[in-house]
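First comes the structure, then the notes that go with it.
Residue numbering restarts at 1 for every chain, and letters A, B, ... go by the order of the sequence lines. Everything quoted here is computed from the prediction, not taken from an experiment.
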Amino acid sequence: MAASAASILHADLDAFYASVEQLLDPSLRGRPVAVGGGVVLAASYEAKAFGVSAGMAGWRARSLCPDLVFASGHFSEYQRLGDEFTEVMKDFTPDVERISIDEAFMDVTGSVHLFGSPEVIAESLRRRVRTELGLPVSVGVARTKHLAKVASQVAKPDGLVVVEPDRESQFLSPLPVGLIWGVGPATKARLAAQGVHTIGQLAAIEKKSLQAVVGKAAGAKLSDLASNLDPRRVQSGRRAVSVGAQSAMGRRPATVDAAAVTVDYLADRIATRLRKAGRAGRTISVRIRFLELRSVSRALTLRHAVATTKAISETALELIGVALAENPTEREITLVGLSVSRLVDEPPIQLVLPFAPSPGRLRAATAAEDLRRALDDSMDDLRRRFGRSAVGYAAVALGDVSRVPDEFRALAEHDPEG
DNA sequence: TCTGGGGTCCTAGGACCC
DNA sequence: TCTGGGGTCCTAGGACCC
């Protein structure tokens with residue numbers, strides 16, 4: 001059940017990475033700025049005015065905006081300011097749900113007697129983020145998460161929009177369907193084919209006929225959102241469902257050997273994060289991208305959850321072998337991705353149980369995993385004390401297989417309590 | 001000269017069990 | 001004597017989000 005008053009806030013830092021660059025280097029203020037190089041990771045509003053947007057190839061952005069300044073990413077500053085942003089919100093309520101580094105929901109139902117109305121809280125939040133962090137932030141205030149999110153998008157840049165409960169339909173009706181969370185290019189095209197362009201038009205359609213167009217679950221969700229039925233609550237401390245990593249590799253021959261160094265690197269990153277979070281996973285998935293963006297995936301669910309680098313990399317390499325054998329006409333690969341899911345919590349200390357009542361092979365396997373775990377734990381410890389590059393598996397330490405800095409990768413991690 | 005990296009959720013079909 | 005239905009788990013692929 002959603003609260004009956006408009007007490008959910010969605011706060012979204014404006015053009016976050018680009019704004020940080022403008023904060024750090026005053027000469028960039030007022031100028032079109034892009035963060036990234038080969039790909040635009042973020043564009044300042046001055047750059048957006050030229051049509052530059054996140055995800056765009058760098059050469060294309062430059063051609064749209066010849067005066068575009070490319071700023072090298074200050075990744076650790078993004079992390080720090082993103083964390084501080086969350087801390088400011090937590091000064092108003094513990095009920096904060098972080099969506100990404102620059103975006104979060106908060107439910108201030110229990111805070112109004114301390115800090116004033118939701119609108120007043122939103123104004124205080126914006127003021128504090130501006131003065132203490134030096135960053136512009138847009139905030140939407142509404143009765144549901146969906147409405148608050150749409151409101152913050154409408155408020156951009158650097159604005160505040162409050163949707164009162166009696167104005168919800170009026171507010172949503174003229175807006176394009178693309179503003180709805182979950183409507184991307186594919187859904188938008190299907191809706192457009194039905195002559196549906198605004199949320200008002202969407203709300204007028206029967207749920208059943210909508211489901212026929214976009215599928216059962218998506219249709220039901222879309223229908224509810226368009227009609228202001230959104231039962232989702234703000235959830236602080238959500239746990240990750242999967243942990244993964246991927247790496248674009250240029251063009252490599254489609255062989256297990258060519259992928260092995262990258263797989264070791266990715267497995268090391270994933271396993272380290274799992275152990276740090278005290279978690280382990282049963283399902284190992286791999287994704288391979290071939291030329292022309294065709295990609296395939298393979299997955300295997302193990303009997304026991306694992307969190308060691310070796311267990312993940314070995315399984316991943318076997319799966320890659322299968323995937324390559326089943327796609328013999330593909331001669332080159334351009335990306336390898338790994339992911340571990342079906343996560344479980346792990347006790348902080350793993351006990352080796354020599355008399356565990358398991359059949360021979362299984363016992364041998366778990367004993368081997370225990371040994372690997374002991375090795376990984378001591379490696380984690382060395383890295384904590386002497387730095388990440390101090391020690392590692394040979395292949396991982398040798399090859400500089402990643403073209404993206406680890407600090408950047410970390411920005412996108414969704415582990416709220418990681 | 002083709003777009004990086006880390007995530008969530010849904011669907012369809014098969015295996016297997018009752 | 002070959003056919004019903006439901007549930008769970010798993011895999012592969014796709015859409016979407018930041």
Nearest nucleotide by nearest heavy atom, which residue falls closer to the 5' end of DNA chain B, Ala218(A) or Phe408(A)? Phe408(A)

Hey, does Arg287(A) reach any base, or is it just sugar-phosphate, or nothing, if we go heavy atoms under 4.0 Å? nothing

If the test is salt bridge (charged side-chain N to carboxylate O under 4.0 Å, His left out), which one of Lys149(A), Lys156(A), Arg98(A) qualifies with Glu103(A)? Lys149(A)

Answer yes or no: is there an ion pair linking Arg275(A) with Asp376(A), defined by an N-O contact shorter than 4.0 Å? yes

Answer with base, sugar-phosphate or nothing: what part of the nucleic acid does Val40(A) contact at a heavy-atom distance below 4.0 Å? nothing

Mind checking Gly55(A) for me? I need base, sugar-phosphate or nothing, with any heavy atom below 4.0 Å counting as a touch. base

With a cut-off of 6.0 Å (strictly less than), are more than 12 heavy atoms of other residues, nucleotides or ligands near CZ of Arg167(A)? yes

For Ile180(A), report the nucleic acid contact type (base, sugar-phosphate, nothing); a contact means any heavy atom under 4.0 Å. sugar-phosphate

Any ion pair linking Arg269(A) and Glu413(A) (charged N to carboxylate O, less than 4.0 Å)? yes

Dot-bracket for DNA chain C, 5' to 3', Watson-Crick and G-U pairs with both distances under 3.5 Å, [ ] for crossing pairs, | for partner on another strand, reads ....||||||||||||||

What are the 5'-most and 3'-most nucleotides of DNA chain C lying under 4.0 Å from any heavy atom of chain A? dC10(C) to dC18(C)

Which part of the nucleic acid does Ser285(A) contact within heavy-atom distance under 4.0 Å: base, sugar-phosphate only, or nothing? nothing

Pairing of Lys145(A) and Glu97(A) as salt bridge, 4.0 angstrom limit: yes

How is Arg342(A) classified with respect to the nucleic acid when contacts are heavy atoms under 4.0 Å: base, sugar-phosphate, or nothing? base

Contacts table for residues 196-206 of chain A: side-chain donor-acceptor under 3.5 angstrom, sequence neighbours left out:
{"unit_1": "Thr198(A)", "atom_1": "OG1", "unit_2": "Gln201(A)", "atom_2": "N", "d": "3.1"}
{"unit_1": "Gln201(A)", "atom_1": "OE1", "unit_2": "His197(A)", "atom_2": "N", "d": "2.6"}
{"unit_1": "Gln201(A)", "atom_1": "OE1", "unit_2": "Thr198(A)", "atom_2": "N", "d": "2.9"}

Looking across every strand, which nucleic acid part, if any, lies under 4.0 Å from Ala54(A) by heavy atom: base, sugar-phosphate, or nothing? nothing

For Lys216(A) and Gly58(A), take the nucleotide of DNA chain B holding the closest heavy atom to each; which residue's nucleotide lies nearer the 5' end? Gly58(A)

Leu300(A) near the nucleic acid: base, sugar-phosphate alone, or nothing, with a heavy-atom cut-off under 4.0 Å? sugar-phosphate

Can you tell me how far the OG atom of Ser19(A) sits from the CG atom of Leu28(A), to the nearest 0.5 Å? 11.0 Å

Going through the distances and angles, do Lys310(A) and Arg373(A) end up as a side chain to side chain contact (heavy atoms under 4.5 Å, CB included)? CA-CA 9 Å; Lys310(A) 250 309 186 235; Arg373(A) 179 54 186 251; over 6 Å; no

Classify Glu103(A) by what it touches in the nucleic acid, base, sugar-phosphate, or nothing, heavy-atom distance under 4.0 Å. sugar-phosphate

Which part of the nucleic acid does Arg60(A) contact within heavy-atom distance under 4.0 Å: base, sugar-phosphate only, or nothing? nothing

What does Lys221(A) touch in the nucleic acid at a heavy-atom separation under 4.0 angstrom: a base, only the sugar-phosphate, or nothing? nothing

Using 4.0 Å as the upper bound for N to carboxylate O, is an ion pair formed by Arg233(A) and Asp95(A)? no

